[in-house]
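Read the numbers this way: they start at 1 and go in the same order the structure lists the ligands and their atoms. FYI, the numbering just counts along the sequence from 1. Just so we're clear, the structure is a prediction, and the values are computed from it rather than from any experiment.
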Amino acid sequence: MIQLHDKYFKRFLSEVEVQAAVKSVAKQVAADYKHETPIFVGVLNGAFMFVSDFLKYYQHPCEVSFVKLGSYQGLTSTGIVETLLDLPENIEGRSVIILEDIIDTGRTLKELIHLLSNTNVKEFKIASLFYKAEVYNGEYAIDYFGLKIPDEFIVGYGLDYMELGRNLREVYQLNQKHMINLVLFGKPGAGKGTQAEFLKDNYNLKHISTGDVFRRNMAQNTELGKLAKSYIDRGDLVPDEVTIKMLRDEVEKNPEASGFIFDGFPRTAAQAEALDELLESKDMKINATIALEARDEVLIQRLLERGKISGRTDDQDEEKIRNRFEEYNQKTAPLKEYYEAQNKFHSVNGIGAIDEITMRLAKVIEEL
Ligand code: AMP
């Protein structure tokens, strides 16, 4: 397992497997071109390693040059392709073989084919080390490739994630399992939202507060908002089926997140089970449940203060607050045992300065 910037990657191909694929491309090309002198054109930056090793296996007369186009940014292709370094000038009447590290959607390839079509080459061919056949949607049939690979984001051996990883001898793929998914647990006013703001920046996580999603929907007067309003106004829980569906939608809106902070979810046994099922279906899991603990009297004072600023009606009325505590004691507190049974329950003192509490939470997370 390696980390590049904020993401974790697991080994996908060993150095030996990579070299075997390179050798295979060289052998295929040699079979067709050993009796002439082709010009190999490597596509920068990703193909530099491939070109270098390819040439060591290709022991026949040849020339080499490079071309550079821009298109990738981060994990997904932007679709913007521009020529940064042009084709060599001496290609008229020659056989040109483009050497690519990877062919995925084929957007860069399309641009290369366009560039070559405007020249007087004898012929051109495409040779790629890796080929994502499932996502390639170009018309041009790839002439030579080393290995077909699934549609996973890969790095190493010339390929990068935000410029890191090019110097690796092996190839790695994005590891979804190394996400951190946290449940923040605690009564209303315990500081879940405040702490989530810090954690999400520190660990690059997506914060999902079910209370916030409901309030957003209420402000926009959506169907979901109208439905939730009566429950929220009384300090009751919104029915499980509504909340579970909403949570699932929020998770699915963020397929590239490196982890989630679930704040205010789960609040019932059914929600906890639904969350485990949802995550499991996506090859994810909860890493830790962290409970922020504080006495009711402290919480009531905090909520009443918050209610004055935020205008939240459920924070302004002590009776509603007590009802929310009651809901918590009856339905949410028993989840402690659910997570304890999985060895995932951690308790943190929620009283003190905000940054002191953040430190306590960070300590739990660092030890995971
Ligand atoms: P919160 O902002 O987390 O205190 O949530 C405010 C209100 O939204 C709660 O009192 C509930 O009425 C509703 N709510 C938030 N999360 C849930 C949940 N997981 N299940 C049911 N109701 C929820």
Side-chain angles (χ1 to χ4, degrees), residues 181-200 205-253 260-279 286 289-294 296 298-336 338-339 350 361:
N181 296 303
L182 302 173
V183 171
L184 279 186
F185 211 61
K187 284 185 180 165
K192 302 188 292 294
T194 309
Q195 292 302 330
E197 284 304 308
F198 289 95
L199 297 178
K200 93 172 200 248
L205 304 175
K206 171 79 193 157
H207 173 205
I208 301 182
S209 154
T210 43
D212 284 350
V213 182
F214 281 131
R215 280 185 288 278
R216 251 195 332 264
N217 277 279
M218 278 157 51
Q220 293 164 0
N221 210 20
T222 65
E223 285 307 309
L224 178 65
K226 283 185 224 162
L227 193 134
K229 191 172 184 324
S230 58
Y231 298 96
I232 293 181
D233 278 348
R234 287 194 298 271
D236 291 342
L237 292 187
V238 177
D240 279 341
E241 50 177 272
V242 177
T243 314
I244 289 169
K245 180 179 177 309
M246 179 182 89
L247 192 275
R248 187 184 310 126
D249 291 346
E250 290 296 309
V251 170
E252 289 179 347
K253 269 186 220 160
F260 291 93
I261 301 173
F262 297 104
D263 159 8
F265 191 98
R267 267 171 147 111
T268 64
Q271 291 181 14
E273 282 161 22
L275 182 59
D276 276 350
E277 263 169 44
L278 171 69
L279 295 184
I286 292 295
T289 300
I290 310 179
L292 286 163
E293 313 272 11
D296 284 5
V298 175
L299 297 176
I300 291 171
Q301 283 319 309
R302 280 190 194 170
L303 288 170
L304 291 170
E305 280 306 309
R306 184 171 81 179
K308 283 185 207 158
I309 301 162
S310 72
R312 272 178 65 171
T313 48
D314 60 344
D315 280 351
Q316 291 174 0
D317 178 335
E318 198 168 323
E319 209 170 303
K320 287 180 188 172
I321 292 175
R322 292 214 183 260
N323 186 41
R324 284 153 73 200
F325 287 0
E326 197 44 44
E327 287 276 71
Y328 182 90
N329 291 336
Q330 276 181 20
K331 298 174 183 164
T332 312
L335 295 183
K336 179 177 180 200
Y338 180 86
Y339 288 111
L361 289 166

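- Protein heavy atom at the shortest distance from atom 12 (O) of ligand 1 is Asp236 O, 2.6 Å.
- Counting only heavy atoms of the protein, atom 1 (P) of ligand 1 lies nearest to Arg267 NH2, 3.6 Å.
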Q: For side chain to side chain contact (heavy atoms under 4.5 Å, CB included), just list the numbers for Leu299 and Ile321, CA-CA rounded to whole Å, side-chain angles, deciding distance to a tenth of an Å, and then say yes or no.
A: CA-CA 9 Å; Leu299 297 176; Ile321 292 175; over 6 Å; no
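- For atom 23 (C) of ligand 1, the closest heavy atom belonging to the protein is Phe214 CE1, 3.7 Å.
- Of the polar atoms of Asp314, none of the N or O atoms is found under 3.5 Å from an N or O of ligand 1, judged by distance alone.
- The parts of Leu237 lying near ligand 1 are both backbone and side chain, judged by heavy-atom distances below 4.0 Å.
- With values rounded to the nearest 0.5 angstrom, Arg234 atom CZ is found 11.0 Å from Lys229 atom NZ.
- A salt bridge links Arg324 to Asp315: at least one charged side-chain nitrogen sits closer than 4.0 Å to a carboxylate oxygen.
- Taking all atoms of both residues into account, the shortest heavy-atom contact from Lys192 to Phe185 is CD-C, 3.8 Å.
- The protein heavy atom nearest to atom 7 (C) of ligand 1 is Ile232 CG1, 4.0 Å.
- Lys320 places a side-chain N or O within donor-acceptor distance of the main-chain N or O of Asp233, the cut-off being under 3.5 Å.
- Checking Lys200, Lys206, His207 one by one against Phe260, the side chain to side chain contact (heavy atoms under 4.5 Å, CB included) holds for a single residue, Lys206.
- Of all atoms in ligand 1, numbered sequentially from 1 with element shown, those under 4.0 Å from a heavy atom of Arg312 are 1 (P), 2 (O), 4 (O), 6 (C).
- Taking a cutoff of 4.0 Å between a charged side-chain nitrogen and a carboxylate oxygen, Glu250 and Lys253 qualify as a salt bridge.
- Counting only non-hydrogen atoms, the option in Arg324, Lys229, Gln271, Lys187 that gets closest to atom 20 (N) of ligand 1 is Gln271.
- At the shortest separation from atom 22 (N) of ligand 1 among protein heavy atoms lies Val238 N, 3.0 Å.
- Residue contacts with ligand 1 for Glu327 are absent, since no atom lies close enough (heavy atoms, distance under 4.0 Å).
- No salt bridge links Arg302 with Glu305; every basic N to acidic carboxylate O contact stays at or beyond 4.0 Å.
- A salt bridge is defined here as a Lys NZ or Arg NE, NH1 or NH2 lying under 4.0 Å from an Asp or Glu carboxylate O, and Glu326 with Arg322 fails to meet this definition.
- At a 4.0 Å heavy-atom cut-off, ligand 1 does not touch Leu247 at all.
- On a distance-only criterion, Asp212 and ligand 1 share no N/O pair closer than 3.5 Å.
- If you look at Lys192 next to ligand 1, there are no close heavy atoms at all, none under 4.0 Å.
- Residue Gly264 places at least one N or O, backbone or side chain, under 3.5 Å from an N or O of ligand 1.
- Atoms of ligand 1 lying under 4.0 Å from at least one heavy atom of Thr210, given by number and element, are 15 (C), 16 (N), 17 (C), 19 (N).
- For Glu319, the CD atom sits in a loose shell: 12 or fewer heavy atoms of surrounding residues, nucleotides or ligands are nearer than 6.0 Å.
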